[in-house]
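Whatever order the structure lists them in is the order used to number ligands and atoms, beginning at 1.
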Amino acid sequence: MNVGKEACETSLSFICEDYEEEEPKLCELDQSKTYKGLVGIYVDESTITMIDGVQGELYYRGYPVETLVEHSNFEEVAYLLINGKLPTKSQYSEFKDELIKERGIPDNILAILKSFPRNTTRIELLRTAISALSLYDYDNYDYSQEANVRKGVRIIAKLPTILAFSHRIQSNEPLVEPSDNDSHAANYYYMMTGNEPSQEFVEAFDDILICHADHSINASTFACRVTVSTLSDLYSGVTSAIGTLRGPLHGGANERVIRAMLEEIKKKDNVIPWVEEKLKNKEKIMGFGHRIYKTWDPRAKILRELSKKFWDQWERGEVEGAIPNPTHKDEHGKIDNIYEMTEVLTDYMIKNKHIYPNVDLYSAGLLHILGIPTLSFTPLFAASRSVGWVAHAIEQLSDNKLIRPRLRYIGELNKKYVPMEER
Ligand code: COA
């Protein structure tokens with residue numbers, strides 16, 4: 001039933017009385033419908049990222065993601081997303097210098113990282129560390145846009161340091177302080193290994209970072225925007241976002257993909273029986289499906305190509321430039337080429353279910369072959385997406401409206417209170 005304005009005026013007059021001139025549009029909403037999961041709902045307008053889920057296109061500030069992957073780098077894309085336009089030469093070098101300058105973390109945050117139980121997941125470490133970091137930010141109680149940009153740059157700069165430190169603490173290895181000249185991508189490798197990366201690693205890792213930098217109002221970005229819409233602070237927004245990203249229906253999917261490949265599927269011949277069994281049991285196949293894309297996710301296409309390149313190298317022997325990962329050697333003979341297994345899975349899912357791969361399917365195999373530990377997959381997604389969260393928080397606050405949807409109450413009313421001794 002579509003509730004028209006007239007019916008609305010009678011039955012919902014109690015709502016409309018509260019909303020004077022600015023809000024009568026509430027009465028024009030279809031009050032009879034519940035939009036579960038907010039499917040198809042536009043909650044605001046944005047100039048940050050555009051996704052065309054039918055054509056399979058993605059644009060950051062109007063630039064196709066493929067163009068940025070080909071010509072740009074993570075730092076430039078971060079500047080673009082946060083500031084709305086590509087930087088000039090001097091703006092770029094100033095921004096890059098700022099990111100380098102802000103890489104260090106306070107000793108007290110390091111002490112917290114060292115104090116956590118060793119089996120804490122890295123995404124939990126990250127969520128907690130980012131929350132604690134606000135206490136050491138001298139702009140913490142300055143809510144101006146300029147201060148938010150400064151805080152945002154600090155969050156983006158420090159996130160890889162927290163990740164690399166967490167990795168080395170959990171692996172009982174000495175910490176490697178951040179480099180004071182490497183790019184964002186190269187510095188991550190450096191902090192993980194203590195060595196300088198190859199050009200091949202840097203280029204591939206940079207592409208991964210660009211592909212994950214923003215994706216409009218996905219669940220974690222929504223959480224971030226909801227948090228800052230209460231006029232809470234940027235650190236709280238990013239902390240909410242990390243907690244939201246963690247779930248397997250969102251950023252946690254990449255870790256599930258690689259675990260399935262390494263621990264359950266293992267061989268190419270097992271792919272079809274494995275997927276058939278999962279689907280028979282009505283289980284979701286991680287790395288497939290998307291709320292917006294109903295075709296190829298353009299990021300999956302980019303990472304698919306890269307994944308092929310590195311898994312071809314694995315077939316031939318040595319992967320050029322990967323982070324040395326002792327488990328890789330053990331895997332030879334025990335698992336098949338993950339890129340090829342992914343291809344079989346993709347082919348099956350598209351032909352039989354019309355469900356396409358998303359970014360997590362191909363990022364998982366690629367991160368693995370680049371030597372990234374599985375526990376760092378989702379946190380690395382956060383490291384890149386922090387750019388989007390910051391850009392969205394700033395956009396939300398530039399024309400803020402408290403985000404507060406409604407929930408349709410379907411329980412009973414006016415129930416009789418029964419004293420405890422009579423229940
Ligand atoms: N495996 C199997 N079936 C899937 C599927 C998957 N990965 N993704 C969607 N479907 C099916 C659902 O079972 C449902 O079928 P039904 O209508 O017969 O019940 C239909 O497709 C619609 O899926 P639904 O979960 O309602 O869509 P959504 O928009 O709410 O969910 C995701 C989108 C991403 C949560 C969902 O596709 C999913 O869980 N994917 C796996 C997790 C993942 O890779 N997440 C990362 C996203 S970038």
Legend entry - Option among Ser183, Pro178, Ser179 that satisfies the side chain to side chain contact (heavy atoms under 4.5 Å, CB included) test with Tyr190: Ser179
Inset, instruction - List the closest protein heavy-atom neighbour of atom 1 (N) of ligand 1: residue, atom name, distance to the nearest 0.1 Å. - result: Ile285 N, 2.9 Å
Legend entry - Proximity of Phe205 and Tyr189 rings by center, below 6.0 Å: no
Inset, instruction - Mark the output for Gly37 as yes if a heavy-atom distance to ligand 1 is under 4.0 Å, and as no if none is. - result: no
Inset, instruction - Verify whether one side chain among Ser134 and Asp137 offers a donor that lies under 3.5 Å from an acceptor in the other. - result: no
Inset, instruction - Measure from NZ or CZ of Lys96 to the centre of the six-membered ring of Tyr79, then state whether that distance is under 6.0 Å and the direction lies within 45° of the axis. - result: no
Legend entry - Nearest non-hydrogen protein atom, atom 5 (C) of ligand 1: Lys284 CD, 3.4 Å
Inset, instruction - Classify the contact between His290 and ligand 1 as side chain, backbone, both or neither, using a heavy-atom distance cut-off of under 4.0 Å. - result: both
Inset, instruction - Report yes or no: does a heavy atom of Asp360 sit under 4.0 Å from some atom of ligand 1? - result: yes
Inset, instruction - Give the C-alpha distance, both sets of side-chain angles, the deciding distance and a yes or no for ring pair (Phe, Tyr, Trp, His ring centres under 6.0 Å) between Tyr356 and Tyr293. - result: CA-CA 8 Å; Tyr356 287 78; Tyr293 295 117; over 10 Å; no
Inset, instruction - Over 60° means perpendicular and under 30° means parallel, so classify the ring planes of His290 and His215, tilted if in between. - result: perpendicular
Legend entry - Mode of Ile355 contact toward ligand 1 - side chain, backbone, both, neither (heavy atoms, under 4.0 Å): side chain
Legend entry - Nearest-neighbour protein heavy atom for atom 29 (O) of ligand 1, which is reported as residue plus atom name and distance: Arg291 NE, 2.7 Å
Legend entry - ligand 1 N/O within reach of Asn358 N/O, cut-off under 3.5 Å: yes
